[in-house]
Structures are given as structure tokens and as C-alpha cells.
Amino acid sequence: MSYAYLVKNIFVILLILLGLSLSPLPAFAWGSAGHMMIAAEAYRNLSPELKAQVFEVLKSHPDFAKWTNAYHPNANVELAAYVFMRSSTWPDEIRRDGSKYDHPDWHFMDYPLRPPLFPLEPDAKTNDDVLYGIAYCEAIVSNPNADKESRAAYLSYLIHLIGDLHQPLHCASFFGEAYPEGDRGGNDFYVKPSIKGVRLHGIWDSLLGSAMSSQIQWKYAITIATEFPRSGLPELAAHTTPKSWSLESRELAIEKGYLRGKLKGSTNAETAPSLPEGYTAAAKIVAERQAALAGYRLADEIQKYLKLDHPVPLLPANTVPASLAHVGKIGTAEASHYYDETMVVTGKVVDVSIRANVALLNLDKPYPDSPFTVAIFAESMDQFGDLNRFKNHDVELSGTITEYHGKPEMILDSPSEIKITDGK
């Protein structure tokens, strides 16, 4: 395991312990970052023929133009891979927005968990849960005569739902004295990782990261595949159906999620008890192994079910030179898609805050609503002169986009990295 990988994992765990990455509302499985990583792993396991076929199908997706417009040439993640990864997040993005493709109950199933014996009981909504959704998607994806847009939409759903199925708390609802109606997969089960109470479900959703970056999640997928190769996952041969995968997740929810009923929780954040020492670190190992299984199984599902009635040419080779892989110009609203990438970001400086150790320039909207922030630390500040001269000007910023408290920012070291472009 590399030093960089250890640092990354420690950072993610610290974020979780501090409660920085957890939403106060019920979260979606793995978050967008986790779904993109699982999709990246699956895409890497597809044959060249299947890569071309999934891209051909996704060309008819309602958001295909949006995804291709957001893509910029990249030496590591080709356009087809990027589209495949972005399609994995779409079913969450359309939840309850009126889309005809929205199926909010497909994202989970609720096996009742009743301690201390945890008898196996069926989900109460077998005609509208994640297993039903996967079966529906398999039928549409395997039908070459299906409507093209619907086929693309349900391929996107299949990519997403295989990921959902492998999040343990998406296959369980804990019942107990405090939860006579169940805890909705940990959404009503509050624990305290650090100084405040958060939803148990949110902790699990956050375990695979938070950065909506194709580059970061592509590299993460490679790391996961190295840590958990196919040959080291006997479950791949032992359990070959979505139903059996759901039972794997149920068992993990019992053993690792609720610690066989010994995990203490509360029905509200204010009275949440502290998590046991080591809980989050152990949960992260489980989450990464589940992500590996999900990626391999998703690739196998596509190989099994995707059927086209016409040949598709192989995709052209990705010929973007590595030296140009990270160069592009974007607006502040797009910056969160390009964490750890070197870009030119355009926007208007609306306020400047100069402190003893750092100067902050907020673009397009004032703090705390600014979509993008520039940070210039004290050791570099003298080079820039009067920073207030940038206020109310359009600028171009050149540098690497980083994430801070869930928002994109850029750290500047030289005045050559910022340029006024409005001529005022």
C-alpha cells in the first residue's frame, strides 16, 4: 500500500470524524464520487468491443450532450470512460425532479434486521426495490429493439443500482425498541463520530470519497483493483445473482454496520452516542471491498445483458499527450468536476479578504456562497502587491484545483497565475 494511498485514506477518515462531509439530509449510496469510482473500475474491465457498445447506447441518453460538453481532453480518462462514469450519478441527480425516469424506491431494499437472532425476512416492497429495478434494467438493456433513449437511461440506472446494492445500509432497516418501524437504512440512526451527531447512513455513504473528479476516481479505481484483484474475491464465484449480492450486503449491515445489534444509536443528533473506536476505519475497508465487488460485477452484468443488433466500430485510441492532459479553460461552476487538475478558471472577483496568514478572493458570489475561492498564503502575498485591485474585475486563474470544505479553490504562488481580462 503506497504512502499516498495511506495519506488519502487517513484524510477521508478525518473528514468523516469531523462531520465535514456529511449532509444533514438522507444521503445517496456512496455519493456521486463513489458511484463514479465503481463505474471507472467496471469500465476498465470491459473489452474494447463492449466499451464501444456502451458508448453507442449512451449517445441516446438525455444528458449525453451535457456530459460531452463538460469533458475536456485527458490522457487518462477518455471521453467514453468519462461519459460512462458520469452516467453512474444520473439516477440520483433526477430523484424527485419530475423526470419520467425517476424511480426513488429502486435505490434500496429494506431487509428487516431484528436482533438478537436477525431472522431472514423479505423486503416489504419486492415489486419496487433495488432488485426489481436491476431486473427491469436488465430486460431493457438486453432488448435491442427498445426505445434508444429508454435503453440509455436504464443502462445508466443499471450502472448506478449495482453500486447501490453493494452499500450495506441500502439493504437493511434496523428494528428495535427505539425503531419499531425500522431506521430506514441508518437514516434515523444517529451516532457521534466526533463532536456532533450524524446519520449512520451518511457515514457509510461518505466512505468512498466526495470529490466529483473523473481523474481522482479513475486513479482510486486503479488503487482499489490493486488492493482487491478478482483472484482475491471468492464471492465473485460463490455469489452470482443480484439477490445473493443483496444478502451479502445484509450480512455486512448486521456484522459491520450495526455490530450485531451492539452499536449504540439515537433517534436524534443531539443525544447521539459516540461511535466505538476504530468503527470508521473498519467500515472503510468493508466499503472498498464492496466497491471492488460492485465494479467487477457491473462489468460482468454488461457483458451478459448488453445486446446490440448492429456492429459498432471500436473507439479511437486516446491520443491526448500527457503534457496536455490537464489543460483547459472552465467557469467557476464547473470547477468541482476537476479536482486535482490543472486548469484555467474564469470568473469575477467579488470580494477580497486579507488576513494575517492568508488572503482569500471569492469569485462570482461573496462568501459563503462563492462557488470558487482563491487562496494566497502569507509567504507569497508580497509578490502580488495590492490584492484589492482585483476586486470587481474578471480574471483568469491558472493552477491546480483543490477541494476545501467541499468547495473548489486554487492556491496561487505567483502573480503570473492571475490575470485581469476585462481591460478595466
Side-chain angles (χ1 to χ4, degrees), residues 13 16 22 26-30 34 38 105 107-126 129-132 134 161-193 197-208 228 233-236 238-267 272-294 297:
I13 291 170
I16 293 168
L22 302 180
F28 304 130
W30 301 134
I38 291 169
D105 291 333
H107 298 257
F108 62 93
M109 62 188 304
D110 287 334
Y111 286 120
L113 304 186
R114 304 182 195 274
L117 299 179
F118 297 99
L120 179 59
E121 302 176 50
D123 179 20
K125 299 175 65 175
T126 54
D129 62 12
V130 65
L131 293 183
Y132 179 89
I134 289 173
L161 295 180
I162 296 297
D164 278 348
L165 189 63
H166 286 77
Q167 207 274 50
L169 269 62
H170 269 243
C171 292
S173 186
F174 185 82
F175 285 72
E177 183 177 348
Y179 305 102
E181 304 298 325
D183 75 342
R184 301 188 307 120
N187 275 307
D188 295 333
F189 195 107
Y190 287 84
V191 293
K192 189 183 294 181
V198 297
R199 301 172 193 270
L200 182 65
H201 189 106
I203 289 177
W204 281 83
D205 278 354
S206 301
L207 292 170
L208 296 179
F228 301 101
L233 297 172
E235 300 97 318
L236 292 173
H239 304 141
T240 58
T241 66
K243 176 66 176 291
S244 63
W245 307 338
S246 74
L247 293 173
E248 282 179 357
S249 288
R250 174 188 178 273
E251 188 63 25
L252 288 170
I254 295 171
E255 296 289 339
K256 304 298 184 179
Y258 295 99
L259 306 181
R260 295 206 65 85
K262 295 179 181 178
L263 183 68
K264 303 299 182 183
S266 172
T267 56
S274 297
L275 274 178
E277 184 177 355
Y279 179 92
T280 305
K284 184 168 180 62
I285 295 171
V286 172
E288 292 187 334
R289 184 183 178 91
Q290 286 296 96
L293 288 168
R297 286 166 172 167

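Across Cys171 and Ser246, no two heavy atoms sit closer than the pair CB-O, 3.9 Å. The two residues Ala283 and Leu207 have their closest heavy-atom pair at O-CD1, 3.6 Å. Across all their heavy atoms, Pro168 and Trp204 have their closest contact at CG-CZ3, 3.9 Å. What you find for Gly265 and Val191 is that their closest heavy atoms are CA-CG1, 4.3 Å. Listed here is the closest heavy atom pair of Glu121 and Pro112: O-CD, 3.6 Å.
In this structure, CG in Leu275 is found 4.5 Å from CD1 in Ile203, a value given to the nearest 0.5 Å. A distance of 9.0 Å separates CG in Leu200 from CG in Asn187, rounded to the nearest 0.5 Å. Atom CG of Leu169 and atom NZ of Lys256 lie 14.0 Å apart (nearest 0.5 Å). Distance CZ/Phe175 to CG/Asp110: 7.5 Å, rounded to 0.5 Å. The CZ atom of Phe189 sits 4.5 Å away from the CG atom of Leu263 when rounded to the nearest 0.5 Å. Rounded to the nearest 0.5 Å, atoms CG (Asp164) and CH2 (Trp30) are 9.5 Å apart.
Between the side chain of Trp245 and the backbone N or O of His239, at least one donor-acceptor pair lies under 3.5 Å. Looking only at distances, no side-chain donor or acceptor of Tyr258 sits under 3.5 Å from a matching main-chain atom of Lys264. Side chain of Tyr179 to backbone of Ser173: no donor-acceptor contact under 3.5 angstrom is found. In terms of modelled atom types and a separation under 3.5 Å, the side chain of His166 and the main chain of Gln290 share no donor-acceptor contact. In terms of modelled atom types and a separation under 3.5 Å, the side chain of Ser249 and the main chain of Leu165 share a donor-acceptor contact.
In this structure, a donor-acceptor pair under 3.5 Å is absent between the side chains of Asp123 and Tyr132.
Glu248 meets the salt bridge (charged side-chain N to carboxylate O under 4.0 Å, His left out) test with Arg297; sequence neighbours excluded.
Ring geometry, His201 versus His170: the interplanar angle falls from 30° to 60°, so the pair is classed tilted.
The side-chain heavy atoms of Ile38 and Ile162, taken from C-beta on, include no pair separated by under 4.5 Å.
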